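Note that the structure is predicted; figures quoted are calculated from it, not measured.
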Amino acid sequence: MKKIKTLLLFFVFSATINAQDCSPIITSPRLGFLDFAPDSVVLCNEEKDSELLSISNDFDTYQWYRKYFTSDAFEPVPGATSSTLLATGLNDMLHHFKVVVTKGKCTAESNFVLIDGYAYAFPSIVAEFEEGSFKNTDAGVFNICNGSKVQLSNFFNLLYGKHTWYRDIPTVIPPAPEDPGIIPGETSSSITVTESGIYGFYACTEYCPTNCELLETDAFLSLNFGSWEFCTLGTDDPILDKDVIPYPNPTTNLLFLGGKDMGINLFKEINIIDMTGKKIKSLTNHIIINPINVSDISKGTYLIVAKDQNNKSYRSRFIKK
């Protein structure tokens, strides 16, 4: 009985080994390097670049096949009967590859791999401002309240790796350590800034480190931090949002201002400000029981700032539907 069990275990073990040995898998140094292309080899140069495809295990015979990505049928690659295949950008761009192998009585087919073109996009800058802290005064020019922060990012952060950030227009490209505009130590795809400057970056693609781009200098952002007039709206002794209640909120047409134990009947000044810092509507000597007509403003989120007769400020937000 023990011998039979031993033989059964031997056959099961042998079958497992054979099954594992007969499972060809295509590998290569850059296969799946980009998260959004796990089954692709992305070449850095569509004509000059190449990639060596390999099979993970040893087999008796090999035959490589390929097809154009819009085609339905694979065709054998003439002479491609070894465990490796050199795919070139000049000849194999946008082709799928697979390999059929044999080992003893086993015949198996591998996974598919796509030789893809250079996934590329020119760098683009995105700015994220704190609500109510800035005003766009011209194309690429922003006035920002002192004490605020701005986060700048490369929109195509998935494609780019090391960054060089500038606080002024670069003097030379590629970056040189002596360039006074370089911000030391900032090499990621985003940066948080609190000082005035003309901001932009130089970046290299992560998978093709010798391919680098400078953000167009016309796209650099001019950030001017200061004590601007709009910064004082609602900043003098502000009351917490829960103490000033716009209602109904959200609203479509009319908005009322109420509050817990405010003890006032009149607002000397009311300003409605959008999320870019632009003043949308202003009222003076507004009686608190009267509605504010917001039917003429666009849908969105707004900051409402009110001052009483003692110049005490009240702030809150509301949503226009």
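With rounding to the nearest 0.5 Å, the separation of OG in Ser133 from NZ in Lys149 is 12.0 Å. For the atom pair CD1 of Ile292 and CG of Leu257, the computed distance is 4.5 Å after rounding to the nearest 0.5 Å. Note that CG of Leu114 and CZ of Phe97 are 9.5 Å apart. Values are rounded to the nearest 0.5 Å. To the nearest 0.5 Å, atom CG of residue Leu94 and atom CG of residue Leu43 are 9.5 Å apart. The structure places CG of Asp308 at 11.0 Å from CD1 of Ile270, a figure rounded to the nearest 0.5 Å. To the nearest 0.5 Å, atoms CG (Asn143) and OG1 (Thr137) are separated by 4.5 Å.
Between Phe74 and His96, the two ring planes are perpendicular [angle over 60°; tilted spans 30° to 60°]. Relative orientation of the Trp165 and His163 rings is parallel, given thresholds of 30° and 60° on the angle between their planes.
Residues Ile198 and Leu152 are members of one and the same hydrophobic cluster, defined by side-chain heavy-atom contacts under 4.5 angstrom among Ile, Leu, Val, Met, Phe, Trp and Tyr.
Under the 3.5 Å distance criterion, the side-chain polar atoms of Lys135 are left unmatched by any main-chain donor or acceptor of Phe230. Looking at Glu51, its side chain does come within 3.5 Å of a backbone N or O of Arg30 through a donor-acceptor pair.
For the residue pair Thr102 / Thr61, a side-chain donor-acceptor distance below 3.5 Å is found, with atom types taken as modelled.
Considering Asn271, Asp296, Asn293 in turn, Asp296 is the only one that fulfils the side-chain hydrogen bond (donor to acceptor under 3.5 Å, both in side chains) rule with Lys281. For the ring pair (Phe, Tyr, Trp, His ring centres under 6.0 Å) with Phe142, the lone residue among Phe129, Tyr199, Phe220 that qualifies is Phe129.
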